[in-house]
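Whatever order the structure lists ligands and atoms in, that order sets their numbers, starting from 1.
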Amino acid sequence: MSAISLPKLPAGASSAIAMEVFAGLNERPKTLSPWLFYDAAGSRLFEAITELPEYYVTRTERQILAKHAAEIVAAAAGGRDLSIIELGAGTATKTGLLLNATVAQQGSVTYYPIDVSETALQEARTRLESELPEVTVEPIVADYTEGMRQNNAAGLAGAGRRLVLYIGSSIGNFSPADAIEVLRGVRAQLAPGDCLLLGTDMVKDTSMLHAAYDDAAGVTARFNMNMLIRINRELDATFNPQLFRHQARWNEQHSRIEMHLESLLAQKVAVRALDLEVRFSLGETIHTENSYKFTDQRVLALLTRAGFKLRKQWSDDNKWFTVYLAAAA
Ligand code: AVJ
């Protein structure tokens, strides 16, 4: 017998999605990365999730920000002028609360939303500039690390304090090790005293988490399934969404909700753009997302290891969600 032959990606199939799908479907267990959720349809479905009765995450964080925005921006500014950067800005609906409070404090503010989606940034800019004329929006189309680098290189350091928003529990998609790396990358672009505002979803009753990630109306199921539809369209694949089922699992050991797509039977799927045939056994899953749930202790360890020092934190009365303000040490 010769050595194990590794599958090869066909020449030309070198887009980010091609590489991700090829690698993920050749892994055991099979995985696909959560960034694949967010095509146009997936972004709309995520917006719908944030309004579901079971999905407490967005509205709870919004309540915290609405109640404490003035205190948050005052603590971040420390008497100096503040500029605001946001990682993965999305539609930036919660950001308005903080921008408003900053305008009340200092008269005007420059806001740098960083996102890989140019259309999302255009939308945020148009809306914010008409709603809040005292806000200057300077979109940065890049990933977090590169966006932070560009913001830093723009020579703004020293002009005032910077506040980096990383809200919505977006950090929850990363493993603890990767989360530290992400925050270290942010820290590296900040001056001592600049601040990070980190929003994290907290550990809570398991039945509440299950409901939030497997809602009665089936929106989260469609959001998860949309990944297969996207792969069919963009990589000429033959997934039949009816032959998969959405699954939300609580992983106690890793303190995370996992989303999976479970094969309802033994089947074969072709991904023609990748020259790939994928076999599924009955009950086999594709692991599509981790959503880590935090404790104070976990977040503090994370912040410390990334070079931040906690200044203050705010939660809702139920302690479902927490917002941490930390300064670059
Ligand atoms: C955008 C990663 C914060 O984990 O709650 C919502 C994504 N997935 N429902 C989350 C998501 C399923 C969301 N984050």
Applying a heavy-atom cut-off of 4.0 Å, say which part of Tyr55 lies close to ligand 1: side chain, backbone, both or neither.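 Only the side chain of Tyr55 comes within reach of ligand 1.
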
Measure the distance from atom 11 (C) of ligand 1 to every protein heavy atom, then report the residue, atom name and distance (to 0.1 Å) of the closest one.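 Atom 11 (C) of ligand 1 sits closest to the protein heavy atom Glu289 OE1, 3.6 Å.
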
Is [X] close enough to touch ligand 1? Criterion: a residue heavy atom under 4.0 Å from a ligand atom.
X      : value
Gly172 : no
Asn173 : yes
Tyr38  : yes

Only heavy atoms of [X], strictly under 4.0 Å: list the atoms of ligand 1 that pass.
X      : value
Ser169 : 3 (C)
Ser291 : 4 (O), 5 (O), 10 (C)
Gly168 : 3 (C)
Phe46  : 1 (C), 6 (C), 7 (C), 13 (C)

Does the side chain of Trp35 come within less than 4.5 Å of Glu20's, by heavy atoms?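 Side chain of Glu20 against side chain of Trp35, heavy atoms only: contact under 4.5 Å found.
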
Mind checking whether Ser83 and Tyr112 have side chains closer than 4.5 Å, heavy atoms only?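 Yes. Closest side-chain heavy atoms under 4.5 Å.
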
Taking the ring of [Y] and the ring of [X], is the distance between their centroids below 6.0 Å?
X      : Y      : value
Tyr144 : Tyr166 : yes
Phe294 : Tyr324 : no
Phe239 : Phe244 : yes

Compare Phe174, Tyr213, Phe223 and give the one whose heavy atom is closest to atom 5 (O) of ligand 1.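 The residue whose heavy atom sits nearest atom 5 (O) of ligand 1 is Tyr213.
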
With a sphere of 6.0 Å drawn around CZ of Arg279, does it hold more than 12 non-hydrogen atoms of other residues, nucleotides or ligands?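 12 or below, so no.
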
A cation-pi test, strictly: NZ or CZ of Lys204 under 6.0 Å from the centre of the six-membered ring of Phe321 and no more than 45 degrees from its axis. Yes or no?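 Pair Lys204/Phe321 does not count as cation-pi.
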
